[in-house]
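To start, the structure itself, in structure tokens.
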Amino acid sequence: MVKHQPLQVYERQLCLSCITGIYGCRWKRYQRSHDDTTKWELLWSLILLFTFCLLLVWFYFWWEAHNDYNEFNWFLYNRSGEWSDGTVPIMATTAAGFTYISFLMVLALCHIALGQQLNLHWLHKIGVTAALLTTIVGVISVNQTWGQEWDIFPISLQATGPFLHIGALAAVTALSWIVAGQVARTEKTNFQVVVMTLYLSVLLGLYIVPIYISSPCIMDPTNLKPRPGVIGHQGAPMLAPENTLWSFQRALQMNVTGLETDVTVSVDGVPFLMHDLTLQRTTDVEKIFPDRQMDEASFFNWTDLRQLNAGQWFLKNDPFWTVHTLSPQEKHLIANQSVCTLEQLLRLASYHNSTVVFRLSRPPPEHPRYHSWINDTLQAVHQSGVPQSLVMWTPDEHRAQVRRLAPGLIQTSVDKLTHESLSQHGIRRLLLRYNQASTQEIRNYSESQIHLTLYTVNEPWLYSVLWCSGVSSVSSAAPHILKKVPYPIWLMRPDEYCLMWVSAELLSFAAVVGIFIFQKYRMSGMRSYNPEQIMLSAAVSRSSRNINIMKEKLIFAEVRNGVGSAEELYADNGYDCYTNRGM
């Protein structure tokens with residue numbers, strides 16, 4: 001007669017199977033291990049951590065660089081000759097890579113929390129390596145072609161720093177659960193000391209970081225300067241083709257205080273509006289003058305220039321992804337835009353009593369207007385009838401002559417000069433890129449009664465930071481967006497901020513201490529077993545015969561599930577051959 005023994009089976013651990021299976025392709029129980037992670041796998045864990053941190057910084061960079069996407073695309077156009085939005089594939093691959101690496105990091109932390117051995121699958125190792133190398137190549141490429149954009153980091157941290165600190169503090173506090181578990185579980189004193197030292201160093205660093213966080217938006221609201229004026233950079237180029245009359249009219253509809261443009265002089269002495277060196281990007285020159293499409297714009301006469309269409313490219317390329325928001329009437333107006341002269345712009349600005357600032361490009365030496373370009377431009381200013389007090393003059397060449405011929409023009413510099421140089425040349429206004437003036441310099445210019453305009457400011461967070469810094473005005477390609485910012489996005493009194501971060505750190509400290517105490521109590525008297533040990537521990541009081549029976553039943557279950565052959569599993573469990581001692 002066969003005596004039946006109660007079969008002890010494993011409790012299904014679907015969550016654990018998924019964690020170990022996705023991370024290391026260890027879906028079966030016998031593949032998992034609670035042994036210490038090998039040095040090779042520890043190295044890969046460090047590589048994974050480094051890749052995660054690098055991708056986090058890279059993703060943050062491109063997220064904040066959204067203000068300058070058009071500038072980046074223009075750099076690409078100058079190199080390739082083809083206009084395309086190069087930020088789309090970069091953001092797509094960055095988001096995909098960051099999501100993938102973050103997912104692996106979460107799985108790795110789950111392994112550590114559950115006491116499982118880290119064993120990253122070779123396919124994931126290839127993926128991590130590809131993500132790391134791709135990001136490094138991207139960083140090097142940006143550093144070589146767009147190095148000035150790295151300044152977006154310290155500027156953006158003035159807006160996001162206080163909140164990133166709170167987020168990082170919450171993440172590190174939550175991480176204390178895993179750290180406390182590891183410290184309480186291990187019996188190696190050196191390991192405990194190293195882990196605690198590293199964790200406490202990071203935590204202490206986060207506690208003292210607010211001392212070094214500086215933001216102009218941490219201020220007394222009563223000291224907030226008036227809202228900076230918004231100047232339409234090339235009009236409203238997100239809503240209409242740049243440097244066209246319709247673009248400037250759309251900007252004026254957004255209540256801008258001024259208009260900014262770029263001016264080139266034609267071979268017959270007509271100043272016209274053009275940003276690029278050639279006409280290829282913003283006109284249909286390849287259709288009207290196919291043999292001259294690569295010629296410099298200044299070598300065309302006005303008769304030829306007025307034949308070109310300056311709006312259809314906007315509808316075709318959709319550089320800002322805004323064409324779908326336009327009405328049929330607006331699309332019709334855009335499709336019929338032509339190259340605009342400086343005189344036409346000045347007449348429009350005079351009618352609306354709006355300031356005009358323009359950068360004047362000098363023609364090349366072989367150009368017939370190489371020596372008369374200043375006079376040609378001044379003549380256009382006089383013919384337009386615009387009050388000179390509305391025109392900001394930026395060229396440094398022959399500035400003394402210009403002041404003598406047109407003393408009413410607002411002398412403006414596009415170079416960062418000392419206060420002495422500005423006073424010596426009678427310059428009362430500056431036009432600089434937003435990364436060329438720090439918060440303290442902005443305030444110094446304001447105290448010196450120097451009107452400072454920073455370009456190109458398209459994002460509300462950047463506009464808010466500069467507003468809190470005290471800037472006089474900004475030049476923007478998105479006046480329709482800044483129009484919706486009647487007040488800084490956030491403004492906090494110093495005592496309120498101090499209370500916020502001190503309270504957050506006290507809560508964090510209390511949570512960390514509580515978690516360590518709880519984990520110590522929870523782990524006391526407990527040992528870490530693998531599933532086989534847990535099953536067999538229930539049969540300690542039984543005879544070895546019963547234990548062997550349970551092992552045999554476990555092996556049968558694994559064979560039925562397709563894990564391996566009976567001989568292999570018997571060998572793994574110390575059996576020389578199959579015997580049925582219970583029969």
Side-chain angles (χ1 to χ4, degrees), residues 57 60-61 63-68 71 147-166 168 208-231 233 257 412-423 427-478 481-482 485-501:
V57 173
Y60 177 81
F61 167 79
W63 184 269
E64 296 300 336
H66 185 269
N67 182 82
D68 304 313
E71 181 181 285
Q148 63 179 354
E149 192 63 19
W150 292 119
D151 292 335
I152 198 71
F153 269 113
I155 297 175
S156 65
L157 288 176
Q158 295 179 8
T160 62
F163 308 102
L164 290 178
H165 167 253
I166 298 298
I208 65 175
V209 156
I211 300 176
Y212 303 98
I213 291 179
S214 175
S215 173
C217 294
I218 302 176
M219 61 178 297
D220 190 335
T222 58
N223 296 328
L224 183 65
K225 295 294 183 70
R227 185 176 186 271
V230 178
I231 297 175
H233 178 74
T257 58
T412 306
S413 176
V414 294
D415 297 320
K416 188 176 180 180
L417 304 176
T418 62
H419 293 279
E420 293 76 12
S421 298
L422 294 175
S423 302
I427 298 173
R428 305 305 302 171
R429 295 204 179 192
L430 281 176
L431 179 64
L432 304 175
R433 195 176 187 271
Y434 67 84
N435 66 328
Q436 291 183 286
S438 64
T439 298
Q440 188 58 48
E441 289 173 332
I442 292 174
R443 291 173 177 171
N444 291 340
Y445 284 129
S446 179
E447 293 174 357
S448 302
Q449 302 299 314
I450 295 177
H451 190 284
L452 177 63
T453 301
L454 298 179
Y455 67 89
T456 306
V457 180
N458 301 325
E459 292 296 310
W461 70 263
L462 180 56
Y463 181 67
S464 299
V465 169
L466 296 178
W467 184 349
C468 296
S469 299
V471 72
S472 303
S473 61
V474 300
S475 177
S476 174
I481 295 177
L482 300 189
V485 186
Y487 197 74
I489 293 179
W490 67 272
L491 193 64
M492 194 180 304
R493 296 177 183 273
D495 55 344
E496 293 175 344
Y497 174 63
C498 182
L499 178 63
M500 182 185 74
W501 69 263

(Q) If I take atom CH2 from residue Trp501 and atom NE2 from residue His165, how far apart are they, to the nearest 0.5 angstrom? (A) 7.5 Å

Q.
Please check: side-chain N/O of Ser464 versus main-chain N/O of Ile489, any donor-acceptor pairing under 3.5 Å?
A. yes

**Q.** For the student: nearest non-hydrogen atoms of Thr439 and Gln158, plus distance
**A.** OG1-OE1, 3.6 Å

(Q) Using every non-hydrogen atom in the two residues, find where Val457 and Leu466 come nearest and quote the distance to one decimal. (A) CG2-CD1, 3.6 Å

Q. What are the two closest heavy atoms between Asn458 and Ala477, and how far apart are they?
A. OD1-N, 2.8 Å

Q. Which atom pair, heavy atoms only, marks the closest approach of Met219 to Leu224?
A. CE-N, 3.6 Å

Q.
When you measure from the side chain of Trp490 to the backbone of Ala159, do you find a donor-acceptor pair of N or O atoms at a distance under 3.5 Å?
A. yes

(Q) Looking at Thr222, is its backbone amide N or carbonyl O close enough to the side chain of Asp220 to form a donor-acceptor pair, meaning the two atoms are under 3.5 Å apart? (A) yes

Q | Minimum side-chain heavy-atom gap Tyr463-Pro228 below 4.5 Å | A | yes

Q. Can you tell me how far CG of Leu462 sits from OG of Ser156, rounded to the nearest 0.5 angstrom?
A. 9.5 Å

Q | Atom pair CZ/OG1 of Phe153 and Thr160 - distance to nearest 0.5 Å | A | 10.0 Å

Q.
What's the separation between atom CG in Leu491 and atom CH2 in Trp467, rounded to the nearest 0.5 Å?
A. 9.5 Å

Q | Gap between atom OG of Ser476 and atom CG of Asn67 - 0.5 Å precision | A | 8.0 Å

Q) Does the Ser215 side chain pair with the main chain of Cys217, one donor and one acceptor, at a distance under 3.5 Å? A) yes

Q) Can any side-chain N or O of Thr453 pair as donor or acceptor with the backbone N or O of Val474 at less than 3.5 Å? A) no

Q) Distance-only, no hydrogens or angles: does the Ser448 side chain make a donor-acceptor pair with backbone N or O of Ile450 under 3.5 Å? A) no

Q: Any chance you could measure Ile213, atom CD1, to Tyr497, atom OH, to the nearest 0.5 Å?
A: 3.5 Å

Q: Flag the pair His419 / Tyr445 as yes when at least one side-chain heavy-atom distance between them is below 4.5 Å, and no otherwise.
A: yes

Q: Quick one: closest heavy-atom pair of Leu422 and Leu430, and the distance?
A: CD2-CD2, 3.8 Å

Q: Begin with the C-alpha distance, continue with both residues' side-chain angles, and end with the deciding distance and a verdict on salt bridge (Lys or Arg N to Asp or Glu O under 4.0 Å) for Arg433 and Glu149.
A: CA-CA 11 Å; Arg433 195 176 187 271; Glu149 192 63 19; 3.0 Å; yes

Q: May I ask you to decide if Gln449's main-chain N or O and Arg428's side chain share a donor-acceptor pair within less than 3.5 Å?
A: yes

Q.
I'd like to know if the side chain of Ser446 reaches the main chain of Ile442, judged simply by a donor and an acceptor atom lying under 3.5 Å from each other, with no hydrogens or angles considered.
A. no

Q: Check whether any side-chain N or O of Arg227 sits under 3.5 Å from a backbone N or O of Val485 as a donor-acceptor pair, and report yes or no.
A: yes

Q.
Please find the pair of heavy atoms, one from Asn435 and one from Gln148, that lie closest to each other, and give the distance.
A. ND2-O, 3.6 Å

Q. Do Pro216 and Arg443 touch side chain to side chain, with heavy atoms closer than 4.5 Å?
A. yes

